[in-house]
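Read the structure below first, then the notes.
No experiment lies behind these values; they were computed from the predicted model shown. Each chain gets a letter, A, B and so on, in the order its sequence line appears, and its residues count up from 1.
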There are 2 protein chains.
Amino acid sequence: MHFNELIKIVKKRREVLQVTQETLAELSGVGLRTLKQFESGKGNPTLLTLQKITDVLGMEVT
Amino acid sequence: MHFNELIKIVKKRREVLQVTQETLAELSGVGLRTLKQFESGKGNPTLLTLQKITDVLGMEVT
DNA sequence: CAACAAAGAGCCATATTATGCACTTTAACG
DNA sequence: CGTTAAAGTGCATAATATGGCTCTTTGTTG
């Protein structure tokens, strides 16, 4: 899966759950700045960061 | 998917294809040291690094 | 055992990510 | 227009990934 698609999916999932970036950051333990960078397509997160995010969203990296 | 499972899958896939770490490193453009660290479970690769590796192996991160 | 190939690990320099803080932009209201 | 919430950005620093080189360990084969 392409990077941009991944971002879209994560972003959409967060919005469906009606969670703000700030809340997701807190819940996942990822820095708000990091999350913002990721969602705005300017990041290259580590696998750990991505997993923290997807875990909270009930998603999975495979 | 858990980190360790991911590693196992990648490793197994590489072995099935009978490709050495060295060759995979060259083909994927990832440093040999980085690949070794990843496969030995001591890494936390960036998404880009992981994708470079899985691309060559004909796998996909989703 | 000896020899070889592949994998793992230490050291170290450089590049990049993760993070907080403050500020700006955007969007949706009244 | 003014207000407010959410998202995006600039900047600095700490932490971590990357990658080359070298050495050690492991596994296989004669």
Look at the side-chain N and O atoms of [X] and state whether any lies under 4.0 Å from the OP1 or OP2 oxygen of [N].
X     : N      : value
A/K42 : D/dG8  : no
B/Q37 : C/dG8  : no
B/T46 : D/dA17 : no
A/N44 : C/dT17 : yes

Given [options], which nucleotide is nearest the side-chain atoms of [X]?
X     : options                : value
B/K36 : D/dG19, C/dG8, C/dT19  : C/dG8
B/T20 : C/dT17, C/dA7, D/dG8   : C/dA7
A/T49 : C/dA18, D/dA17, D/dG19 : C/dA18

Across the strands shown, which category fits B/S40 at heavy-atom distances under 4.0 angstrom: base, sugar-phosphate, nothing? sugar-phosphate

Return the value, rounded to whole Å, for the distance between atom [atom1] of [X] and atom [atom2] of [N].
X     : N      : atom1 : atom2 : result
A/E39 : C/dT26 : CD    : P     : 18 Å
A/L50 : C/dT16 : CG    : P     : 20 Å
B/E22 : D/dG19 : CD    : P     : 15 Å
B/E26 : D/dT18 : CD    : P     : 18 Å
B/Q21 : D/dG20 : CD    : P     : 14 Å
A/F38 : C/dT19 : CZ    : C1'   : 17 Å
A/K52 : C/dA18 : NZ    : P     : 9 Å
B/L47 : C/dT16 : CG    : C1'   : 14 Å

List in numerical order all residues of residues 7-15 of chain B for which some heavy atom is under 4.0 Å away from an atom belonging to DNA chain C. B/K11, B/R14

Minimum side-chain heavy-atom gap [X]-[Y] below 4.5 Å:
X     : Y     : answer
B/I7  : B/N4  : yes
A/V19 : A/V56 : no
B/L47 : A/V61 : no

Minimum heavy-atom distance between B/A25 and B/G31, given as atom pair plus value: CB-C, 4.2 Å

Taking all heavy atoms of B/F38 and all of B/P45, pick out the closest pair and write down the distance. CD1-CG, 3.7 Å

Which sits closer to the 5' end of DNA chain C, B/L35 or A/V30, going by the nucleotide each is nearest to? B/L35

So, does A/E60 use its side chain to make a donor-acceptor pair with the main chain of B/M1 at under 3.5 Å? yes

Verify side-chain contact (heavy atoms from CB on, under 4.5 Å) between A/L17 and A/L24, making sure each step is shown before the conclusion. CA-CA 10 Å; A/L17 296 177; A/L24 177 53; over 6 Å; no

I need the full list of side chain to side chain donor-acceptor pair (under 3.5 Å) pairs touching residues 12-28 of chain B, with sequence neighbours left out, sorted by first then second residue. B/R14-B/E39, B/T20-B/T23, B/Q21-B/K36, B/Q21-B/E39

Presence of donor-acceptor pair under 3.5 Å, side chain of B/R33 and base of C/dG10: yes

